[in-house]
Amino acid sequence: MAEVPAMPDVPAMPDVIVVGGGIIGLSAAWQIQQDGAEVVVLDPAPGTGASHAAAGMLAPIHEAYWGESHILSLNLAASQAWPAFADHLGVAAVDYRRNGMLMAAYDADDKALLDNLGDLHEQEGLPVERLRSRECRTREPLLAPGVRGGVYSPLDHQVNPRRVVAELLDRVPTIPASATEVTRNQVVTDDGRVMACQQVVVAAGAWTGRLLNLPIRPIKGQILRLSGPEGLLRLPVRGIVRGSSVYAVPRSDGEIVVGATQEEQGFDTRVTAGGVYELLRDVLALLPGLSEIDLVETWAGLRPGAPDNAPIIGTGDDDIVYATGHYRNGILTAPITAIAVAALVQGREPPVDFSPFSPNRFRASNNPKAGISDHLSGISA
């Protein structure tokens, strides 16, 4: 019988309480712990929310959008922080792979949309390669013959979020409870306990808005998992298919993650026939060879979204440290968020300018946006 690893000891009086046990909260707790502080994570079921559903694309290039240069800056910094983070956890253990990513256009209208994104990539000076149809299929033979073109990004990588969470849970103490009230140095749990500490960090994802007065909403994402021969799909592929976005991310064991819908349905986590149909319709149009492999899992998670699509990272007017609202990029930005949170807890300046992501921006009259060069200086992990 295999030996069950010992759980981390829960400190009786922690220095820091992190509310929320997704990849953001667990990563922050681990980084705080690395700095020598005692920490505990509160979550009724850590690692089972959006982190469990996520595909694990670390894709600053393919997540770039017009008008969001400050988010792109953060995502690029996050990408730089990932290699050291993966080394700490174990590159093979978390299935961290740096083989690039391909975005493909299904028809002529989709190609026009992709060309528009390509213009953004060039404007921002991002290292991408525009590909013709045949060149796309050379890089990924499973693509449909009719794809009209693509973009290859060597900076976009991948990881298995479920493995990352499992590694972090082996390192970070957790308490299975929900927070009902929080202040800077106190948490009240759903079973009536009052827990004191020196600093509270709120990383409650889509539930942040229920706990505190921040405009975070849940954005539902349905996702599928397929299983086939190892190496069937060479690269992570993100496609534009008749105007809709779909992706397929291969794992080293032959699993392929297909996602994801974006639905404003509140806290609904049902998997629906329509959601599954749309994902299969689009991914099989793009990668018809996947039709013969097994469908092994359907799932739905709730991404935390802010009104401006940017994360909320920083110390609020209430002196609580926030790490939430990461929307589509929670897996990507986990290491750099953790570094920032640990710095804030210790009273240090983060190594990256996080002022555009302050929780106080929703109470201010403007929303500052910094340039890429401002965010990429001094990155360390």
Side-chain angles (χ1 to χ4, degrees), residues 54-86 96-106 110-133 135-136 138-140 143 147-159 234-240 245-249 286 308-311 313 326-337 339-340 351-357 368-381:
M57 292 186 296
L58 310 176
I61 309 302
H62 284 157
E63 283 290 339
Y65 294 93
W66 290 101
E68 294 185 353
S69 62
H70 61 311
I71 300 177
L72 171 61
S73 303
L74 177 64
N75 290 346
L76 288 169
S79 181
Q80 291 185 6
W82 250 102
F85 186 59
Y96 175 60
R97 291 189 283 166
R98 305 173 68 176
N99 53 349
M101 187 173 296
L102 180 64
M103 181 179 282
Y106 179 72
D110 299 327
K111 178 65 163 50
L113 291 173
L114 191 57
D115 287 341
N116 181 263
L117 287 176
D119 293 341
L120 171 62
H121 298 153
E122 290 185 1
Q123 176 179 298
E124 297 285 4
L126 302 173
V128 297
E129 182 181 352
R130 296 201 195 199
L131 304 176
R132 298 177 180 177
S133 175
E135 293 170 324
C136 289
T138 298
R139 286 193 180 268
E140 181 45 71
L143 282 167
V147 296
R148 303 304 288 267
V151 173
Y152 173 75
S153 167
L155 288 185
D156 288 344
H157 305 148
Q158 62 177 304
V159 74
R234 293 182 184 177
L235 291 173
V237 174
R238 183 169 179 179
I240 306 175
S245 177
V246 69
Y247 57 73
V249 180
L286 194 69
D308 56 3
N309 295 331
I313 306 166
H326 291 76
Y327 191 23
R328 298 181 303 265
N329 293 306
I331 308 302
L332 169 61
T333 53
I336 197 70
T337 300
I339 293 168
V352 176
D353 178 17
F354 278 84
S355 59
F357 310 107
K369 298 183 180 182
I372 289 177
S373 60
D374 297 329
H375 289 271
L376 291 180
S377 60
I379 303 300
S380 62

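Under the salt bridge (Lys or Arg N to Asp or Glu O under 4.0 Å) criterion, E140 pairs with no residue, sequence neighbours left out.
Closest approach of G100 and L235 over heavy atoms only: O-CD2, 4.0 Å. Nearest heavy atom pair, residue A64 against residue L117, reads O-CD2, 3.7 Å. The two residues L114 and A104 make their nearest non-hydrogen contact at CD2-C, 4.3 Å. Here the shortest heavy-atom pairing between L286 and G239 reads CD2-CA, 3.6 Å. Nearest heavy atoms, Y152 versus L131: CB-CD1, 3.9 Å. Scanning both residues, V249 and Y247, for their nearest heavy atoms gives CG2-CD1, 4.0 Å.
A donor-acceptor pair is defined here as one N or O able to donate and one able to accept, closer than 3.5 Å; such a pair exists between the side chain of R130 and the backbone of G118. A donor-acceptor pair under 3.5 Å is formed between the side chain of S73 and the backbone N or O of S69. For R139 (side chain) and L102 (main-chain N/O), no donor-acceptor pair under 3.5 Å exists by modelled atom type. Panel note: side chain S153, backbone V128; no donor-acceptor pair is recorded below 3.5 Å.
Looking only at side-chain heavy atoms (C-beta outward), P236 and H62 stay at 4.5 Å or farther from each other. Contact check for T337 versus P311: no side-chain heavy atoms found under the 4.5 Å cut-off. Proximity of L126 to L72: side-chain heavy atoms (C-beta onward) are separated by under 4.5 Å at one or more points. Between I240 and S245 the shortest side-chain heavy-atom distance does not fall below 4.5 Å. Two residues are said to be in side-chain contact when any heavy atoms from C-beta on lie closer than 4.5 Å; I61 and H121 meet this criterion. Side-chain atoms of I339 and F85, non-hydrogen and from C-beta on, never get closer than 4.5 Å to each other.
No more than 12 heavy atoms of other residues, nucleotides or ligands lie within 6.0 Å of CZ in R132, so this atom counts as exposed by the packing criterion. Other residues, nucleotides and ligands contribute at most 12 non-hydrogen atoms within 6.0 Å of the CZ atom of R148.
Note: R238 CZ to M101 CE = 8.5 Å, rounded to the nearest 0.5 Å. Taken from CG in D353 to NE2 in H70, the straight-line distance is 11.5 Å, to the nearest 0.5 Å. Atom CG in D308 sits 9.0 Å away from atom CZ in F357 (nearest 0.5 Å). Between the OG atom in S79 and the CG atom in D156 there is a gap of 7.0 Å [rounded to 0.5 Å].
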TODO: Carefully, step by step, assess D119 and W66 under the rule side chain to side chain donor-acceptor pair (under 3.5 Å).
DONE: CA-CA 10 Å; D119 293 341; W66 290 101; over 6 Å; no
Task: Audit row: D115, K111, side-chain contact (heavy atoms from CB on, under 4.5 Å) steps and yes/no - done: CA-CA 6 Å; D115 287 341; K111 178 65 163 50; 3.1 Å; yes
Open item on the list: Test side-chain contact (heavy atoms from CB on, under 4.5 Å) on H326 and I313; report intermediate values, then the result.
Closed with: CA-CA 9 Å; H326 291 76; I313 306 166; 3.7 Å; yes
TODO: Decide side-chain contact (heavy atoms from CB on, under 4.5 Å) for N309 and Y65; before the verdict, give the C-alpha distance in whole Å, the side-chain angles of both, and the deciding distance to 0.1 Å.
DONE: CA-CA 11 Å; N309 295 331; Y65 294 93; over 6 Å; no
Can you give me every donor-acceptor pair (side chain of residues 328-335, partner residue at least two apart or in another chain, under 3.5 Å) with its distance?
residue, atom, partner, partner atom, Å
R328, NE, E63, OE1, 2.6
R328, NH2, E63, OE1, 3.4
T333, OG1, N329, O, 2.6

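A perpendicular orientation is assigned to the rings of H157 and Y96, their planes being inclined by more than 60° (bins at 30° and 60°).
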